[in-house]
Amino acid sequence: MKYDVTIIGSGPGGYVAAIRCAQLGMKTAIIERYPTLGGTCLNVGCIPSKALLDSSEHFHLAKHSFDLHGINISGLKVDFTQMIKRKNDVVSQTCEGVKYLMKKNKIDVHHGHGSFINAKKIEISLPDGPKKTIESEKTIIATGSKPSSIPGVDIDKERIITSTEALTLNEIPKEMVVIGGGVIGLELGQVYARLGTKVRVVEYFDSILPTMDRSLGKELQRVLKKMGMEFFLSHKVKSATVEKKKVIIAAENKKGEGVTFEGDYCLVAVGRRPYTENLGLENIGIQTANGVVPVNSHLETSVPGIYAIGDVIRGAMLAHKAEEEGVFAAETMAGQKPHINYLAIPGVVYTWPEVAGVGHTEDALKADGRAYKVGSFPFKALGRARAANETDGFVKILADKQTDEILGVHMIGARIADLIAEAVVALEYRASAEDIARISHAHPTFTEAIKEACLAATENRPIHM
Ligand code: FAD
Ligand code: NAD
């Protein structure tokens with residue numbers, strides 16, 4: 001078995017890279033250690049979490065908003081087993097889709113753990129199964145990431161759990177303590193809060209979503225508090241211990257005082273670490289730096305012909321970033337000159353209201369000493385938002401003070417995950433705020449908030465405020 005290129009790992013980085021390599025005429029193989037394709041994203045990440053977010057949102061709306069619209073339901077209850085089953089069905093259909101794409105593109109799929117013997121030979125082994133060796137001219141490492149923890153917190157996967165277990169619980173927790181007010185903590189925290197769990201989020205920084213524009217975390221916290229979630233900011237978790245069916249979490253607040261939290265489950269959501277276990281990197285002379293596989297600007301490692309993409313390298317751990325890098329690596333191998341604008345890769349949080357940002361944050365512009373102007377527009381001033389009873393949130397545009405070029409767009413509100421696409425196009429084409437303000441936006445839509453925020457940034461002349 002000889003290939004032009006082999007990809008180790010079938011997540012969104014790996015399978016997209018495989019398809020692009022095949023499209024470019026390379027004889028391609030993909031290795032996956034799990035029985036299903038799709039990696040973290042399809043199996044235990046993006047897809048199952050969004051399935052549960054959607055299901056729990058339907059329940060929440062039926063319980064709290066339908067009566068406002070004149071729809072009365074009696075006997076409303078959650079069938080959690082069915083909710084999890086639907087999520088599992090969505091996952092398996094999506095994974096099957098990737099399997100189909102591999103077949104369609106004539107990509108050989110090898111199930112088993114891949115490990116470098118040398119730069120051109122990879123051993124594939126199944127637990128208690130036979131081993132085989134394949135040869136490959138070039139390889140893309142796309143082995144992704146795993147959940148990480150903090151000292152004093154040992155994940156037992158029963159009571160002290162990660163996102164993987166939180167997606168397959170067989171009961172709705174009564175009280176859940178979430179360590180980490182980042183993306184996973186808030187998305188999965190909201191799923192359970194909607195289903196009736198008392199959710200307490202304990203966050204080390206002084207705001208939730210600390211890596212996004214600060215205005216977003218502040219607004220999201222306000223909305224999530226209204227639905228009963230509790231937040232303990234500037235709290236450093238020191239330990240978590242299981243006592244029968246309870247977890248006791250010990251933390252320290254910013255005054256250095258000890259604080260304890262209790263729940264029947266503790267979700268650890270403090271980030272993820274690149275995964276390179278038993279990959280045989282030592283056999284090809286690649287040394288990781290803090291677990292990360294180092295690559296140059298062509299995504300090539302220190303070994304010529306071996307590339308790495310996605311969560312296993314530096315940068316945001318996002319499926320669409322991994323996908324862009326998969327295409328980039330494939331096209332680079334084929335002798336093309338692709339390009340990725342990392343600044344224009346959006347970050348989206350799928351809570352409700354949804355949250356998204358692209359480009360520079362306001363803090364980053366301040367730190368750079370860049371002269372900028374701000375234009376904001378609140379959803380409560382939008383006709384469409386009032387019609388939908390979705391008036392929380394805003395759009396905020398950051399533009400260069402002299403040139404009016406859009407430098408960053410940060411939004412929170414209904415349908416933001418889709419709205420951010422316009423901001424990405426604006427950044428990619430280096431639009432000015434006035435460019436966007438002069439484009440017709442359909443009425444009544446949520447997109448009008450972008451136009452209005454751009455008008456506010458350009459000459460402080462929004463129409464509807
Ligand atoms: P992965 O998807 O992690 O895939 C790596 C694959 O490599 C795995 O299947 C693994 O089994 C395999 N592998 C590893 N080592 C070997 C080996 N030696 N041999 C064979 N196979 C191997 N991102 C978003 O953009 N949007 C979201 O909404 C989103 N939601 C998320 C929700 C959760 C709960 C989590 C945990 C993550 C979420 N992410 C989201 C992040 C996203 O899942 C990752 O950024 C993305 O999956 C990274 O893709 P990847 O291809 O680099 O690696
Ligand atoms: P994260 O980096 O988003 O958040 C981790 C949070 O934990 C941070 O806010 C951090 O300050 C906090 N923290 C760290 N140590 C702590 C301590 N001792 N006590 C209290 N708080 C502590 O990481 P995550 O939420 O675990 O997500 C992991 C990765 O998965 C992220 O990189 C994210 O991009 C990706 N992901 C993306 C999406 C999405 O795109 N919608 C969804 C889920 C996950």
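Predicted model, so just to flag it, every value in this text is computed and none were measured.
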Is there a donor-acceptor contact under 3.5 Å from the side chain of Glu175 to the main chain of Lys198?
no
Between Ala330 and Cys21, which heavy-atom pair has the shortest distance, and what is it?
CB-SG, 3.6 Å
Run the salt-bridge test on Lys236 and Glu252 with the 4.0 Å N-O cut-off and return the result as yes or no.
no
Checking the side chain of Asp404 only, and the main-chain atoms of Glu434 only, is there a donor and an acceptor separated by less than 3.5 Å?
yes
Taking every non-hydrogen atom, the tightest pair across Ala51 and Lys87:
CB-CG, 3.9 Å
Assess whether a salt bridge exists between Lys254 and Asp206, defined as any Lys/Arg side-chain N lying under 4.0 Å from an Asp/Glu carboxylate O.
no
Any His60 side-chain heavy atom under 4.5 Å of Gln190 side chain
no
Evaluate His464 against Leu382 for side chain to side chain contact (heavy atoms under 4.5 Å, CB included), listing each step before the verdict.
CA-CA 8 Å; His464 293 93; Leu382 268 190; over 6 Å; no
Please answer whether the main-chain N or O of Gly271 pairs with a side-chain N or O of Ser148 as donor and acceptor at a distance below 3.5 Å.
yes
Quick check against the 3.5 Å criterion: does Asn290 have a side-chain atom that pairs as donor or acceptor with the backbone of Val292?
no
CZ (Arg200) with more than 12 external heavy atoms under 6.0 Å:
yes
When you measure from the side chain of Thr36 to the backbone of Cys95, do you find a donor-acceptor pair of N or O atoms at a distance under 3.5 Å?
no
Atom pair CD1/CD1 of Ile141 and Ile286 - distance to nearest 0.5 Å
4.5 Å
Do Ser432 and Glu405 have side chains that get closer than 4.5 Å, going by heavy atoms?
no
Within the supplied structure, the quantity of interest is the number of heavy atoms (other residues, nucleotides, ligands) at a distance under 6.0 Å from Lys226 NZ; does it exceed 12?
yes
Is there a side-chain contact between Thr361 and Met212 (heavy atoms, below 4.5 Å)?
no
Donor-acceptor under 3.5 Å (Lys451 side chain, Ile439 main chain):
yes
Can we call the ring centroids of Phe232 and Phe261 under 6.0 Å apart?
yes
Could you tell me the separation between the CD1 atom of Ile30 and the CG atom of Leu37, rounded to the nearest 0.5 Å?
6.5 Å
Above 12 or not: heavy atoms from other molecules or residues under 6.0 Å from CZ of Arg314?
yes
More than 12 heavy atoms of other residues, nucleotides or ligands under 6.0 Å from NZ of Lys50: is that the case?
yes
Of all heavy-atom pairs between Ser145 and Arg272, which one has the smallest distance, and what is that distance?
O-NH2, 2.7 Å
Would Glu422 and His441 count as having a side-chain donor-acceptor pair, cut-off 3.5 Å?
yes
CD1 of Ile463 to CD of Glu452, rounded to nearest 0.5 Å, is 6.0 Å
Measure the CD1-OG1 distance between Ile412 and Thr351 for me, rounded to the nearest 0.5 Å.
6.5 Å
Enter the distance from Gln23:CD to Thr28:OG1 here, rounded to the nearest 0.5 Å.
10.0 Å
Arg438 CZ: over 12 foreign heavy atoms closer than 6.0 Å
no
Do Phe80 and Lys85 touch side chain to side chain, with heavy atoms closer than 4.5 Å?
no
Give me the atom names and distance for the closest heavy-atom approach of Ile249 to Val177.
CD1-CB, 3.7 Å
Check whether any side-chain heavy atom of Tyr100 sits under 4.5 Å from a side-chain heavy atom of Met102, and report yes or no.
no
When Lys373, Lys396, Arg214 are each screened for salt bridge (Lys or Arg N to Asp or Glu O under 4.0 Å) with Glu362, the one that passes is Lys396
A quick test of your reading: do over 12 heavy atoms of other residues, nucleotides or ligands sit less than 6.0 Å from CD of Gln287?
no
For Gly310, is there any backbone N or O sitting under 3.5 Å from a side-chain donor or acceptor partner on Glu325?
yes
Could you walk me through whether Asp311 and Thr40 pass the side chain to side chain donor-acceptor pair (under 3.5 Å) test, one step at a time?
CA-CA 10 Å; Asp311 281 11; Thr40 304; 5.6 Å; no
Show the nearest heavy-atom pair for residues Ala319 and Cys46, with the distance to one decimal.
CB-SG, 3.9 Å
Do Val201 and Gln221 come close enough that some side-chain heavy atom pair is under 4.5 Å?
no
Side chain to side chain contact (heavy atoms under 4.5 Å, CB included), that's the test. Do Phe379 and Val395 meet it? Break it down for me.
CA-CA 8 Å; Phe379 269 27; Val395 172; 4.0 Å; yes
salt_bridge(Lys321, Glu324) N-O dist < 4.0 Å:
no
Kindly indicate, with the supporting measurements, whether the criterion side chain to side chain contact (heavy atoms under 4.5 Å, CB included) is fulfilled by Asp213 and Leu398.
CA-CA 11 Å; Asp213 194 89; Leu398 302 169; 4.3 Å; yes
Please round to the nearest 0.5 Å and tell me the distance separating atom NZ of Lys138 and atom CD of Glu300.
8.0 Å
Using the rule given for side chain to side chain contact (heavy atoms under 4.5 Å, CB included), can you reason through Glu354 versus Leu419, listing the C-alpha separation, both sets of side-chain angles and the distance that settles it, and then say yes or no?
CA-CA 10 Å; Glu354 293 176 332; Leu419 256 57; over 6 Å; no
Electrostatic pair Arg20-Glu331, nearest N-O below 4.0 angstrom
yes
Strictly distance-based, threshold 3.5 Å: is any side-chain N or O of Arg461 a donor or acceptor partner for the main-chain N or O of Ala456?
no
Distance-only side-chain donor-acceptor flag, Asp108 / Tyr3, under 3.5 Å:
yes
How about Ser65 and Asn389: does a side-chain donor come under 3.5 Å of a side-chain acceptor?
no
Close side-chain approach of Leu281 to Thr301, heavy-atom, < 4.5 Å:
no
Donor-acceptor pair, distance only, cut-off 3.5 Å: does the side chain of Glu165 make one with the backbone of Thr162?
yes
Closest contact, heavy atoms only, Pro173 versus Thr197:
O-OG1, 2.7 Å
Where the side chain of His235 meets the backbone of Leu233, is there a donor-acceptor pair that is under 3.5 Å apart?
yes
Partner of Ile208 by side-chain contact (heavy atoms from CB on, under 4.5 Å), out of Val183, Val355, Leu220:
Leu220
Between Val91 and Leu42, is any pair of side-chain heavy atoms under 4.5 Å apart?
no
